[in-house]
Colleague: 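Got a structure for you, questions after.
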Amino acid sequence: MQMSNLLGKTLREPPSEADSGSLALLLRAGYISQLMAGAYTFMPLGNRVRLNIENVVRKHMNLSGAQEILMPALQPIEIWEQSGRAAKMKDVLFRLSDRRGRSLALGPTHEEVVTQLAGKFISSHRDLPLTTYQIQTKFRDEARPRGGLVRVREFTMKDAYSFDLDEDGLSDSYDKMFQAYKNIFSECGVPVVPVDADSGAIGGKGSQEFIFITEMGEDTVVQCSGCEYAANLEKATFLQESSAEAQKSLEEVETPNVATIEDLSEFLSIANSSTAKAVLFMATKFESDEEFPVLAVIRGDFEVNDVKLSNALGGAEVRPMEASEAANVGLVPGYISPVNLASEVTVVADRSVISAPNLAGGANREGWHYLNTNYGRDWEADIVTDLAEAQEGLTCEQCDGGILSLARGIEMGHVFRLGQIYAEAFGVSIQDSDGAAVTPTMGCYGIGIGRIFAAAAEVFHDDNGLNWPIAIAPYQVHLVAIGIDKDDAVRDEAYGLYAELIESGIDVLFDDRALRPGVMFNDADLMGMPIRVTVSPRNHENEIIEITGRADGESLTAPRAEGVDSIKAEIHKLRQG
RNA sequence: CGGGGCGUAGCUCAGUCUGGCAGAGCGCUGCUUUUGGGAAGCAGAGGCCCUCGGUUCGAAUCCGAGCGCCCCGACCA
């Protein structure tokens, strides 16, 4: 590619829409251009990066035995109603109608389509295991697109779907995909941490996210200092020391103007962990619009994670209750308790209050608290589960010794053990070796291509510009030709070298513009090809070319006659890592 | 959806408070000089001042409504 003809001018100043360093560089270097909130054009350079990432993904998918297909982005709304996700996804689903008034959706993902497809073509256990994948454009009407390519409304995703006869088969397919993911991220140079994750509205039983740790991330992950344990905050657990203290008798004490856990523990001279906190929420089931009140009970030193609460309620939407609503259900904020609860509320208890004896808590009347409440004796919950949000510095439950820390990150990929929910929803059934009808078990596996793009730019840049790993760089070599408008010999040499490199199968970006050297060098640094080759009158006179690594800035010279071989050797070195 | 900021040349922005000729730097076009890390001069092109409505002799500027973009939060298969 000759730069005199390249679409995409470099900018000296970052466009005002850029908020992060790497996004600003992508815009300045002409890789991407924004059309509207959450929709970007990939310019020639950016498009080559995108294609290279896709090809890395494609290579590892094919190696894992997955088969590439392409399903429509345009989908009938009926399949979304059949799976029940039209209601679950709500406004995220882009909807439109055709000229006959038929309701359609732009696919945010393809479980529905692929399951229906499988139902059409799979009929025997001999057809399994089967994994398909596609690299395709998805549409999601995000409430707030942000972070450049990180959260967009139209984006490229690789999504794979596995079909197996049983759980063991799913485990094999899942493990293969998990390994392929590790290879993909490694080859693209993006460091990721696999974490246990919440499965969200997609359903299923167990999933892991591949998280790129970065300050600009929107997810919080919990990592252990002592073992491999890592989990999304919505899923993370921690060690809760239990007390062997004997149960004491319930007492009611007057506690004027004591309305918070802090007040209470100070007033009673006890630790926060010796109190029970009762938090009110309003919840809405996806199936109906009816709101119902929920009382979450948790030990005073912990906080309720609302995603955990939502999952405990079968995936209900949850919001904090207003004070006026609390009054409506007859509860007194500050003195709320599951003990002697008169109102009709769903009580969800965190496991922390089940084993802890003699907790102080509200008495459901203004100015009074109970001492020594005990689960089972004084009150019971409708649901007992894990609601507590992990915090920095707590102890790991897996290795019993490691300390948990919190970090921000971006989800690069997600692998799910889906199970049979979609196959059941679409009535997919196959015969096993005994001739019995069996519902296949599914897994699904996603990777955001644009997110790898953004993460790689974030990892590989410095103050001067981008610095792509060779596996995804738009071009391997940036050929800078100084003074070709003044010196025909240099001009011939530059064009000759350009032709030779192309002939050798090397991707070259050739700066053939008649500009000052500083401009060309700065553009080369900004655009970030791994290897820069300089041809100039000075070098020509010495019959050499100059080869400079973008990463370390170090130059070496090679005789012109051996130029192509020397460049090939440098490329080979970079490929070896 | 709540809070905040912004919208003027291709890009970054001044001008808005206090109404009165449409501006700067970079980029772009032509010419001259210059040529190893974003050179200099000369001459130019380029505008629906986001949109609509209102106030006014007169609106980029004041008032109202709307739209768009960015940030924080809610949300996030």
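Every chain is numbered from 1 and lettered A, B, ... according to where its sequence line falls, protein lines coming before strand lines.
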Colleague: Looking at every strand, decide which applies to A/Q34 at a 4.0 Å heavy-atom threshold: base, sugar-phosphate, or nothing.
Modeller: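 Sugar-phosphate contact only.
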
Colleague: Nearest whole Å is fine: how far is B/C11 P from A/L23 CG?
Modeller: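 Atom CG in A/L23 sits about 16 Å away from atom P in B/C11.
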
Colleague: B/C76 P sits how many Å from A/I410 CD1, rounded?
Modeller: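 Computing the A/I410:CD1 to B/C76:P distance gives 18 Å.
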
Colleague: The side chain of A/E546 is closest to which nucleotide in this list: B/C76, B/C69, B/G36?
Modeller: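 Closest of the options to the side chain of A/E546: B/G36.
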
Colleague: Check whether any side-chain heavy atom of A/M157 sits under 4.5 Å from a side-chain heavy atom of A/Q134, and report yes or no.
Modeller: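 Not in contact.
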
Colleague: In whole Å, what is the span from the CD atom of A/E17 to the C1' atom of B/G5?
Modeller: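 One finds 16 Å between C1' of B/G5 and CD of A/E17, rounded.
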
Colleague: A/R151 CZ to B/C69 C1': how many Å, rounded?
Modeller: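 From A/R151 CZ to B/C69 C1': 18 Å.
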
Colleague: May I have the distance from A/D511 (atom CG) to B/G36 (atom P), rounded to whole angstrom?
Modeller: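 From A/D511 CG to B/G36 P: 15 Å.
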
Colleague: Quick check for you: to the nearest 0.5 Å, what is the distance between A/I184 atom CD1 and A/M177 atom CE?
Modeller: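 Between atom CD1 of A/I184 and atom CE of A/M177 there are 8.5 Å.
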
Colleague: Classify the ring geometry of A/Y31 against A/W468: parallel below 30°, tilted from 30° to 60°, perpendicular beyond 60°.
Modeller: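 Tilted.
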
Colleague: Please pick, from B/G37, B/U12, B/G36, the nucleotide with the shortest atom-to-atom distance to any side-chain atom of A/S16.
Modeller: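 Nearest to the side-chain atoms of A/S16, counting from C-beta on, is B/U12.
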
Colleague: Base, sugar-phosphate, or nothing: which does A/M520 touch, judged by heavy atoms less than 4.0 Å apart?
Modeller: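 No contact.
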
Colleague: Under the 3.5 angstrom rule, does the side chain of A/Q420 hit a backbone N or O of A/T439 as a donor-acceptor pair?
Modeller: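 It does hold such a pair.
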
Colleague: Measure from the ring center of A/Y161 to the ring center of A/Y422 and say whether it is less than 6.0 Å.
Modeller: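 No, the ring of A/Y161 stays outside the 6.0 Å limit from the ring of A/Y422, centre to centre.
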
Colleague: Could you check whether A/R28 gets within reach of a base, just the sugar-phosphate, or nothing at all, counting any heavy atom under 4.0 Å?
Modeller: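 Result for A/R28 = base.
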
Colleague: Would you list the protein and nucleotides 44-51 of chain B atom pairs, both N or O, that sit under 3.5 Å from each other?
Modeller:
none

Colleague: Side-chain contact test, heavy atoms from C-beta onward, threshold under 4.5 Å: evaluate it for A/R451 versus A/R151 and give yes or no.
Modeller: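 Heavy-atom side-chain distance check passes, below 4.5 Å.
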
Colleague: For salt bridge (Lys or Arg N to Asp or Glu O under 4.0 Å), just list the numbers for A/D462 and A/R550, CA-CA rounded to whole Å, side-chain angles, deciding distance to a tenth of an Å, and then say yes or no.
Modeller: CA-CA 10 Å; A/D462 57 26; A/R550 175 64 181 88; 2.9 Å; yes

Colleague: So which protein nitrogen or oxygen atoms get under 3.5 Å of nucleotides 26-32 of chain B's nitrogens or oxygens?
Modeller:
unit_1, atom_1, unit_2, atom_2, d
B/G27, OP1, A/R12, NH2, 3.2

Colleague: Considering only atom P, compute the distance from B/G3 to B/A45 and round it to an integer number of Å.
Modeller: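 Roughly 47 Å separates the two P atoms.
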
Colleague: Indicate, with a heavy-atom threshold strictly under 4.0 Å, whether A/N539 touches base, sugar-phosphate, or nothing.
Modeller: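 Base, at least one base heavy atom under 4.0 Å.
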
Colleague: Can you tell me how far C1' in B/A60 sits from the matching atom in B/C76, rounded to whole Å?
Modeller: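 The same atom, C1', in both gives a distance of 39 Å.
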
Colleague: Using atom CZ of A/R144 as one end and atom P of B/G3 as the other, report the distance to the nearest whole Å.
Modeller: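 Atom-to-atom, A/R144 to B/G3, this comes out as 14 Å.
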
Colleague: Assert yes or no for the condition that the ring centre distance of A/F178 to A/F210 is strictly below 6.0 Å.
Modeller: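 Yes - the distance between ring centres of A/F178 and A/F210 falls below the 6.0 Å cut-off.
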
Colleague: The test is salt bridge (Lys or Arg N to Asp or Glu O under 4.0 Å); show your working for A/E209 and A/K235 and say whether it passes.
Modeller: CA-CA 11 Å; A/E209 291 171 341; A/K235 184 82 178 178; over 6 Å; no

Colleague: If you assign each of A/P145 and A/N464 to its closest nucleotide in RNA chain B, which residue comes earlier from the 5' end?
Modeller: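 Looking at RNA chain B, the more 5' nearest nucleotide goes with A/N464.
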
Colleague: Classify the nucleic acid contact of A/V92 as base, sugar-phosphate or nothing, counting any heavy atom under 4.0 Å across all strands shown.
Modeller: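 Answer is nothing: A/V92 stays at 4.0 Å or more from every strand.
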
Colleague: Check every strand shown and say whether A/D523 touches a base, only sugar-phosphate, or nothing at a heavy-atom separation below 4.0 Å.
Modeller: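 Base: the residue A/D523, judged by heavy atoms under 4.0 Å, touches a nucleobase.
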
Colleague: Applying a 4.0 Å non-hydrogen cut-off, can you work out what A/R319 is touching in the nucleic acid: base, sugar-phosphate, or nothing?
Modeller: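 Counting heavy atoms under 4.0 Å across all strands, no contact is made by A/R319.
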
Colleague: Looking across every strand, which nucleic acid part, if any, lies under 4.0 Å from A/P537 by heavy atom: base, sugar-phosphate, or nothing?
Modeller: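 No contact.
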
Colleague: Which nucleotide, B/U12, B/G38, B/C72, lies nearest any side-chain atom of A/N522?
Modeller: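 Of the candidates, B/G38 comes closest.
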
